[in-house]
Amino acid sequence: MNQNPEQIARDRIDQLLVAAGWIVQAKRNIDLNASLGVAVREYQTAIGPADYVLFVEKKPVGIIEAKRQEEGVRLTVHESQSYSYAVSKLKYLNNDPLVFTYESTGEVTRFTDHRDPKPRSRPVFIFHRPETLRAWLKQGSSLRKRLFDIPELNAQGLRACQIQAIANLEKSLRESRPKALIQMATGAGKTFTAITFIYRLLKYAKAKRVLFLVDTKNLGEQAEQEFMAFLPNDDNRKFSELYGVHRLQSNHIPSDCQVYISTIQRLYSILKDEPLEEKAEETNPAEINWGKREPLPVVYNDKLPIEFFDFVIVDECHRSIYNLWKQVLDYYDAFLIGLTATPDNRTFGFFEQNIVSEYTHQQAIIDQVNVGFTTYLIETEVTKQGANLKCEEWVDHREKLTRKKRWHQLDEDVVYSAKRLDDQVVNLNQIRLIIRTFKERLPEIFPDRRNDQGEFEVPKTLIFAKSDSHADDIIQIVRNEFGEGNQFCKKITYRSEEDPKSILAEFRTTYYPRIAVTVDMIATGTDVKPLECLLFMRDVKSRNYFEQMKGRGTRTITLDDLKKASPSAKFAKDRFVLIDAIGVSKSLKTDSRPLEKQPSVALKDLLGAIAVGARDEALFSSLAGRLLRLDKRLTEAEKQGFQAKAQGKSIPQVARELLNAFDPDTLAEIQTQVIQEMPQASEVAQAERITALTHTLQEEAARVFTGELKDFIENVHRVHEQIIDHINPDRLLAVGWAEDQQTQAEETVRSFTDWIVSHREEITALQLFYGQPFQRRELTYQMIQDLANRIMQEKPTLAPLRVWQAYEQLERVNGQPKNQLIALVSLIRRVTGLDGELTTYDRTVDKNFQAWVFNKQAGNAPKFTEEQMQWLRMIKDFIASSIHLEQEDFDLVPFNQYGGLGKFYQVFGANYQAIIEELNEHLAA
């Protein structure tokens, strides 16, 4: 047995080489025909023996400098030594300098490709495979060299923030920086940006494969759709016609694709060579509250060698890089690129502060890439304080799993807090009051949403519920309160009876459903552009998760597209409304989950951690204890149900296997068994065998926890029944715009007023408003357009429609403006005192038109004919939308359809010019 540190290191290096597909030979037994890749120990060079020389197809290609484990912290010191061997002549050979060098202790390995523009060593998990080195040599130049072949970006069809992100990323890659972070606001096009630079890396840098990593199945499906639909701006073929795109749904990995999409859970299971149920991909693993003490080691898998991917793109990386998952990312010898809208300090640290793009939500709002939001509060007594039920009251008891009810008398007082609401006790009056208040206040929140028949149209609304059971209660009450059918309000969760993807597609593109209720399926990463209202009926403790949930409403959408889903919309979406019915906007938020184990972890989190591959003594012990406690509470029928879903095992059997997986006596028996079976093996080999057997024991204990069993345990572990409180009424404590929204609205109005007043002398349009009434007839559409452009350039936060919304929160307004310019004219009239209250300009024009017609026909004055009135109404409508009428405008619609200026002259005679001047003056009065 090899005991000295140097030989232990070499034994470990030998094992790594064999795992990576090399044959290791002593120099006295060289047979380069034995395999594609041969590693020869102690091969003689002109300056002495190299620890290992790597041969591929019988040609020397690289050097390994072996060091004992203690030298791991100083491996970079030995780079010059390995390079010296690489540039030396090998005995018997007239070789060129070798381009690949490694320094390794068997635990830590560094690699340098000397073909790179500026050769720099980097850590690698294991050695590269011989077929990989052969392929690299055949390519001639290295990947890092080919990055300089990428041409200047064609910016057509890209936003400024996307152009900057791609340009900065490619600069970072050329500098060989291993990690880069793209921070881009939700809705700004992160995925489109990623596909654009992936396309360029494949086309110009000849990257072999790219991994697009997500953390839920839903995000993976959405990314796949975007790859399939992507059309490059320099080719008329779709991305999927140029490159293979494959979403991993099993442990099978085709090698002939260029882009692979996977959840990080799936990738981890593939590396461990273990199956993964699809259900384990439905939940965002960041929401599993199991803080591991140490991440589990990832072992080498020759189906996915470290060089399989050249680039790994991590979507929503703020939540995918910690705890169990970091080592998955560290496994690959690839550039790592993170995408997120909401990074925290750990995200910045993980990506080594290399932030190639910082495009915040506020910047996105200013650039009109995103819309902002306003907060509307609904506070009720039961929501805040809970309630109590007296002993001997008769109430419904409802089974959570089956929703079967029984009428039963309480045998003790029940006092429930807000935290127990919708879990142990359901107060339908509370849900009903919130939904009823929401319905009644919608016309106040969205005053412009009435169709041609005067009926109010509910804007597309997403309600966040606490659980599937809570969602079902909300749906029934929404349908009842709005007096609508099934299609009006639907649930979109992974447990929906209908296909959730089909419902989501309907929610995006068709009229129904108007309201969707979800738990977490579309809480993050899912685009629903017509969405204008988020109703929170669940609290959120994570700041990042809350930002992601709010992000569902930030998407911009054109008026034409919005009208496809909401026909009564009068102008493009310029905000969304967050309706807070639970206190989510005020509750304390944390940046992220702590890394340390929590003193108390929910059973669903223990089960979730098991499902995604966590194997930890504290986890197994905690879960075993919970199951044994649960066993005492279950009925015989429920115990049989457990057994049917647990491969015939009872709860005590499952718990025993969990505890046995880390039992010291069991582990000691395994160690004794291995030593007896492998007495001549090295300590390293024995240790690896012990680890393998221990791992098998743990996997056997965990194998029983399928998605079906997990759902069963989650349901029966909760209180078997919910008490339905129909006795305690609920009452409103407060309803209306949030106080900070009022303050913000006041500041917006004040800032707009100050800007108008300070520019009144220098801008012609403002001079006319502040001047004599007759002067306003000189006001033109172009003047207002120029004024609007200047405001948007100098003060984008004072966009007219945003200022209009601020007024809506402070005072009564008349009407809704059809566009920014009409809003601007109306606002200026309010600021300059022409209108006592904010009124849309078309209403002002209508009122002034009626007064002008009345005055013109007063007394014995001649009356306008019906044909003349038709022309006057057309002029009135034109001025209402275009501010001013010129004679040339008679060549435009609608005038040209009725004969234009010539016909107008015939109808009004020589007085036609005076009519035009009077209408320009009086309608703008």
Side-chain angles (χ1 to χ4, degrees), residues 365-366 368 371-372 374 444 447-448 570-572 574-575 737 740-849 851 876 879-884 919-925:
I365 293 174
I366 290 171
Q368 298 184 6
V371 298
T374 51
E444 171 192 331
D448 62 316
K570 303 298 189 301
F571 47 84
D574 62 347
R575 63 158 180 169
W737 299 106
D740 58 338
Q741 302 295 324
Q742 297 272 10
T743 303
Q744 189 175 358
E746 291 171 358
E747 179 57 32
T748 298
V749 169
R750 184 162 49 250
S751 297
F752 179 79
T753 302
D754 291 345
W755 194 93
I756 295 296
V757 171
S758 65
H759 292 80
R760 59 184 292 183
E761 301 297 336
E762 60 177 283
I763 298 176
T764 304
L766 295 180
Q767 291 174 5
L768 296 177
F769 273 107
Y770 278 98
Q772 295 300 315
F774 72 89
Q775 292 180 294
R776 287 194 288 280
R777 67 186 180 189
E778 304 300 328
L779 192 67
T780 67
Y781 182 89
Q782 189 59 50
M783 289 180 185
I784 298 300
Q785 181 70 68
D786 292 342
L787 175 58
N789 289 340
R790 181 160 177 183
I791 291 174
M792 295 296 289
Q793 289 171 3
E794 294 185 13
K795 291 285 186 179
T797 56
L798 298 181
L801 287 175
R802 292 194 67 186
V803 179
W804 187 281
Q805 290 164 6
Y807 268 103
E808 284 181 323
Q809 296 181 43
L810 301 176
E811 62 181 52
R812 179 178 177 274
V813 299
N814 292 319
Q816 284 291 319
K818 294 182 174 63
N819 54 50
Q820 295 273 15
L821 297 189
I822 298 304
L824 179 57
V825 173
S826 307
L827 289 165
I828 295 172
R829 291 180 63 87
R830 176 72 178 86
V831 169
T832 56
L834 294 176
D835 293 335
E837 59 184 26
L838 185 58
T839 305
T840 52
Y841 188 57
D842 56 335
R843 291 195 178 186
T844 300
V845 169
D846 284 344
K847 177 183 173 183
N848 291 343
F849 177 74
K876 181 261 294 182
I879 290 176
S881 60
S882 299
I883 315 300
H884 185 83
L919 287 173
N920 276 327
E921 178 179 338
H922 285 86
L923 298 193

Taking C-beta and beyond as the side chain, do Y770 and I756 meet within less than 4.5 Å on heavy atoms? yes
Which donor-acceptor pairs under 3.5 Å do the side chains of residues 820-831 make with protein atoms, sequence neighbours left out?
{"residue": "Q820", "atom": "OE1", "partner": "L801", "partner atom": "N", "Å": "3.0"}
{"residue": "S826", "atom": "OG", "partner": "I822", "partner atom": "O", "Å": "2.8"}
{"residue": "S826", "atom": "OG", "partner": "T839", "partner atom": "O", "Å": "3.3"}
{"residue": "S826", "atom": "OG", "partner": "Y841", "partner atom": "N", "Å": "2.8"}
{"residue": "R829", "atom": "NE", "partner": "D835", "partner atom": "OD2", "Å": "3.0"}
{"residue": "R829", "atom": "NH1", "partner": "A924", "partner atom": "O", "Å": "2.9"}
{"residue": "R829", "atom": "NH1", "partner": "A925", "partner atom": "O", "Å": "3.2"}
{"residue": "R829", "atom": "NH2", "partner": "D835", "partner atom": "OD1", "Å": "3.3"}
{"residue": "R829", "atom": "NH2", "partner": "A925", "partner atom": "O", "Å": "2.6"}
{"residue": "R830", "atom": "NE", "partner": "E811", "partner atom": "OE2", "Å": "3.1"}
{"residue": "R830", "atom": "NH2", "partner": "E811", "partner atom": "OE1", "Å": "3.2"}

Is there a side-chain contact between H759 and R790 in this structure, where contact means two heavy atoms from C-beta onward sitting under 4.5 Å apart? yes
Donor-acceptor contact below 3.5 Å, side chain S758 vs main chain W755: yes
Heavy-atom side-chain proximity of H922 to N848 below 4.5 angstrom: no
In Å and rounded to the nearest 0.5 Å, what is the CH2 to CG distance from W804 to L838? 3.5 Å
Set of residues satisfying salt bridge (charged side-chain N to carboxylate O under 4.0 Å, His left out) with respect to E761, sequence neighbours excluded: none
Please report the C-alpha distance between Q744 and T748 in whole Å, then the side-chain angles of each, then the deciding distance to 0.1 Å, and finally whether the side-chain hydrogen bond (donor to acceptor under 3.5 Å, both in side chains) criterion is met. CA-CA 6 Å; Q744 189 175 358; T748 298; 5.5 Å; no
Salt-bridge criterion met for R750 and E746 (N-O under 4.0 Å): no
Quick one: CZ on F752 to CG on L798, what's the gap to the nearest 0.5 Å? 7.5 Å
Side-chain ion pair, R802 and D574, N-O less than 4.0 Å: no
Can N789 and Q793 be counted as having a side-chain donor-acceptor contact under 3.5 angstrom? no
